[in-house]
Structures are given as C-alpha cells and as structure tokens.
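See structure below.
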Number of protein chains: 2
Amino acid sequence: MIRIVIIDDHPLVAGGIEMMIKSESHLSIVAHLQNAKEALQFLEESCPEIILLDVNLPDIDGLQLCEIIRGNYPETKIIVLTSIEEASIITQFLQKGANGFLLKNISKEEFIQAIDSVLDNKTFLSKIANENMIRHFASVNNALKSVPVLTRREKEILALLNEGMNGPQIAEHLFLSTYTIETHRKNMLQKFSVSSTQALLKKARDLKLLLT
Amino acid sequence: MIRIVIIDDHPLVAGGIEMMIKSESHLSIVAHLQNAKEALQFLEESCPEIILLDVNLPDIDGLQLCEIIRGNYPETKIIVLTSIEEASIITQFLQKGANGFLLKNISKEEFIQAIDSVLDNKTFLSKIANENMIRHFASVNNALKSVPVLTRREKEILALLNEGMNGPQIAEHLFLSTYTIETHRKNMLQKFSVSSTQALLKKARDLKLLLT
DNA sequence: ACAGAACTACCTGAATTCAGGTAGCACCGA
DNA sequence: TCGGTGCTACCTGAATTCAGGTAGTTCTGT
C-alpha cells in the first residue's frame with residue numbers, strides 16, 4: 001500500500017486527487033494537510049511514501065517546505081503540484097529535492113504514471129507537450145540560468161521597492177542613509193544584469209524571488 | 001434537477017466539485033469545459049442553471065467571459081471560483097454580473113449553500129471570516145474604491161513599463177516622442193494618485209489591471 | 001583568529017523621472 | 001457642429017535614479 005499525503009490548502013484539489021485514485025486500490029491518501037505547520041507535525045508521526053505538495057501554502061512557501069522535508073525525510077518522494085503559471089520554478093524545486101512536478105490540469109493516467117515513476121526513483125515532469133508550457137520555458141529558462149543570490153538586506157530592500165517605495169522612503173523606513181539604499185540597489189542591478197529598478201523587479205518576479 | 005457547468009482548466013478542481021455534490025441527488029454536472037471557447041460553444045447548445053467559472057482560463061480571462069455569459073444568458077447564475085490571492089477582484093466580477101464568489105478552499109457545506117443562495121437570487125460570497133481574507137480586503141479595498149479607467153494607449157504603455165522598459169525605450173518602441181510617453185505616464189500617475197512609476201505598477205497589479 | 005562576505009556610508013556626473021503646465025489635431029457622439 | 005476625449009508634443013526646474021567608484025565596520029564560518 002502506497003501512502004500519500006496531500007499538502008495543499010484547496011480541498012477541491014484534494015477532492016480531485018481522491019477521485020483519481022479511488023479506483024487504484026494500492027494507493028491511499030492518509031492525510032490532507034492545509035499548511036506547512038500541520039504538515040511538519042504530521043510527518044513527525046507518520047512517514048508516507050509520497051507527498052503531494054502545493055507550491056502556494058498559506059504559511060511558508062512550498063519551496064522552503066520542500067527543502068525541509070527533503071532534509072528530514074530523504075526517502076519520501078515529493079511531487080510538486082502547480083499551475084502552469086508557475087511552471088518556471090521547476091528547476092528551483094528540483095534543486096530542493098523534489099522528485100516530480102505535476103501541473104494541476106493533468107489527467108488521471110498521467111497522475112498514476114507520475115506516482116509510479118517517482119516510486120521507481122525516476123523524476124517525473126508533467127507533459128510539457130502543450131505549447132504554452134514550452135513558450136514559458138523558452139522565455140524564462142534563459143533568465144533562469146543563474147538565479148542571483150541575494151543577501152538578507154538586499155531581499156528586504158527588493159521587497160520594499162516592490163511595494164512601490166523609492167530610495168529615500170526606504171532609507172527612512174529602515175533608518176539608513178539613502179546612500180546605503182542606493183548601494184544595495186546598485187549591487188542588485190549588477191547581480192541581475194539590468195539597468196533599472198523596474199527591470200530588476202520584473203526579473204525578480206520572473207524568477208519567483210518575489211511573491212507579488 | 002439543477003444542471004451545473006464547470007469552466008476551469010484544472011481537472012482536479014472539477015474532480016473536487018464532483019466529490020462534493022455526488023451525495024446531492026438534485027445537483028448534476030453536465031459539462032466540464034477547459035477554456036472559454038469550448039464553454040461558449042457548449043452554452044449555445046445547452047443552458048445550465050449554474051456556471052462555475054474559474055478566474056484564470058487559458059484563452060481569455062474570466063472577467064471577460066463572465067461579461068459575455070451574462071450578456072447572452074441573463075438567467076444563468078454565475079459563481080466565480082478563485083484563490084484567496086485574487087480575492088480582490090470580487091467587485092469587478094460582481095460588476096460584470098457574477099452571482100457568487102467562492103474561494104477554492106471551501107467546505108462542502110459552504111458549496112451547497114452557495115448554490116442554494118444564487119438560485120434564490122441572492123449573491124453569495126465565500127466566508128471572509130479568516131484573517132487573511134480580511135487583511136487582503138482591508139489593504140486592497142480602499143484602493144479599489146475607484147478603479148481608474150485607462151485609455152488604450154495608456155494600457156499599452158503601462159504594460160511596457162511593467163515589462164521593465166523605461167521612458168526612452170518605450171518611445172523608441174512605439175515610434176513616439178519621449179515627451180508623449182511622459183505625458184501618458186503622468187496622466188496615469190494622476191489617475192492612480194501615486195507619485196512614482198513603481199507605485200503605479202504595484203497599484204495596477206493590486207487592481208488586477210496587469211497580469212504579471 | 002582570520003578571511004571573506006555583508007553592511008554601511010560617501011562622492012560625482014549623467015540620465016531619467018516627476019510635477020506643473022500649454023497646445024494642436026483627430027475622432028466620435030449628442 | 002460642437003464639446004469632450006484621446007493622442008500627440010513641447011517646456012522647465014526639481015527630485016530621483018544610474019554608473020562607477022572608495023572605504024570603514026560588523027558578521028560569520030572555518
């Protein structure tokens with residue numbers, strides 16, 4: 001019996017998965033957790049074979065949770081559930097130890113196949129046959145080649161810029177010199193190889209370094 | 001018998017809804033359409049009592065489809081399905097004639113209740129009891145009071161700004177004077193009551209006037 | 001304990017954006 | 001046909017951002 005845990009805050013999705021596997025007697029959903037906290041608590045008690053993990057959780061983001069789970073439970077297979085809009089973060093999840101990547105608009109057959117594959121120690125990726133996905137990859141993958149590593153302060157300032165604040169406002173907000181903000185901003189412009197804050201923010205969004 | 005049509009490109013969601021209503025003998029899902037084109041074709045043939053409409057469709061956006069359906073089928077009840085992240089566009093959908101608004105993380109009870117309500121000519125909104133939703137509303141609703149009306153040119157320039165282009169680049173791209181771009185930008189800054197392009201873009205995103 | 005990274009702050013000149021105008025031309029509906 | 005709206009273009013001065021530096025202090029990991 002393959003035990004499956006769903007980590008997703010949308011009961012509809014969980015319902016859909018139940019539908020898909022109800023005719024598969026060797027598969028069983030043992031738990032449905034709505035957020036990362038519940039999920040980690042549950043995993044301390046019981047260790048399933050497969051975890052279906054949503055990218056967007058209400059508390060911490062799926063990427064972090066993926067990393068934590070991979071660290072604590074190296075044997076468990078993690079299949080990431082996502083919408084096509086977020087397909088570009090595949091590589092980041094794979095780096096964090098995800099075993100599979102399923103779009104939420106999959107068929108039952110593909111779903112069962114995904115589970116078989118990861119249990120067989122293969123990495124499963126949703127069919128990227130459809131042109132949307134390919135286009136998405138083509139446009140984002142180049143930019144993805146090297147995701148710049150940002151420091152804590154840089155991330156903080158990036159987020160504030162994204163909130164619509166300008167240099168002086170951020171300086172006041174963080175009790176720092178405007179010069180300092182400028183320095184951080186400049187460093188980020190370099191790291192991202194762009195030449196304007198707007199382009200910086202766009203690229204950061206494309207790379208999923210920003211939520212909004 | 002209440003006929004329900006689902007317009008959503010995620011079979012998982014459809015599966016979840018099927019789960020929810022399988023014990024309700026008076027409800028029946030007569031079709032599951034994956035995009036707007038299919039949906040409109042189907043509706044020409046058969047007219048259901050209730051349409052469950054996803055906000056994000058692969059072809060045209062849910063808001064437009066909502067308007068079209070409302071125009072062609074004034075009697076059909078439209079319930080919009082959404083994630084919490086997009087909850088801020090409720091008012092826009094209501095303006096386009098939606099009858100209900102359901103978050104995808106609803107319970108079965110709430111779901112049934114929503115259907116009963118809209119059939120009873122009431123507008124149903126998902127419980128906004130949870131604090132996330134309230135916070136979301138508090139922050140966005142003020143800004144939402146008046147969604148600025150943008151002209152075609154303004155939208156075009158807004159989109160290019162969002163792509164990370166700056167004034168001179170846009171001017172070159174559109175074969176216009178930089179002065180002209182500045183004028184349009186300025187007008188938008190006024191319409192949105194902001195004082196920087198970054199704030200403008202943030203606000204536009206908050207108001208769902210931009211996709212990215 | 002020491003090196004390297006991160007954080008802070010400063011400077012200058014050039015480019016862009018912001019704020020506040022004015023103004024001509026085309027189009028469309030009343 | 002006349003008024004309103006949208007699109008275009010221009011001007012000026014102030015503010016902010018960009019590019020390319022230097023440099024001292026604090027954290028952090030080995």
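Letters A, B, ... are given to chains in the order of the sequence lines, protein chains preceding strands, and every chain is numbered from 1. Fair warning: this is a prediction, and the values are worked out from it, not measured in the lab.
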Taking all heavy atoms of [X] and all of [Y], pick out the closest pair and write down the distance.
X: A:A39; Y: A:I7; value: CB-CD1, 3.5 Å
X: B:D8; Y: B:H32; value: O-NE2, 3.0 Å
X: B:L200; Y: B:F192; value: CD1-CD1, 3.3 Å
X: B:N162; Y: B:R205; value: OD1-NH1, 2.9 Å

[N] [atom2] sits how many Å from [X] [atom1], rounded?
X: B:I181; N: D:dC10; atom1: CD1; atom2: C1'; answer: 14 Å
X: A:Q198; N: C:dT16; atom1: CD; atom2: C1'; answer: 10 Å
X: B:Q190; N: C:dT17; atom1: CD; atom2: C1'; answer: 15 Å
X: A:L200; N: D:dC18; atom1: CG; atom2: P; answer: 9 Å
X: A:I170; N: C:dT8; atom1: CD1; atom2: P; answer: 13 Å
X: A:E182; N: D:dT22; atom1: CD; atom2: P; answer: 18 Å
X: B:E172; N: C:dT16; atom1: CD; atom2: C1'; answer: 15 Å
X: B:R185; N: C:dC18; atom1: CZ; atom2: C1'; answer: 8 Å

The contact string for nucleotides 3-9 of chain D, one letter per nucleotide 5' to 3', using protein heavy atoms under 4.0 Å with B, S and - for base, sugar-phosphate only and none, comes out as ---SSBB

From the set D:dC18, D:dT16, D:dC11, return the single nucleotide nearest to any side-chain atom of B:K186.
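Ranking D:dC18, D:dT16, D:dC11 by closest atom to the B:K186 side chain puts D:dC11 first.
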
Lys/Arg-Asp/Glu bridge criterion (N-O < 4.0 Å) met for B:E154, B:R185:
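No, this pair does not count.
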
For the pair B:E49 and B:K77, find out whether any cationic side-chain nitrogen is under 4.0 Å from an anionic carboxylate oxygen.
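Not counted as a salt bridge, because no side-chain N and carboxylate O are separated by less than 4.0 Å.
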
Quick check on D:dC18: is either OP1 or OP2 less than 4.0 Å from any side-chain nitrogen or oxygen of A:T197?
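Checking D:dC18 against A:T197, a side-chain N or O does come within under 4.0 Å of OP1 or OP2.
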
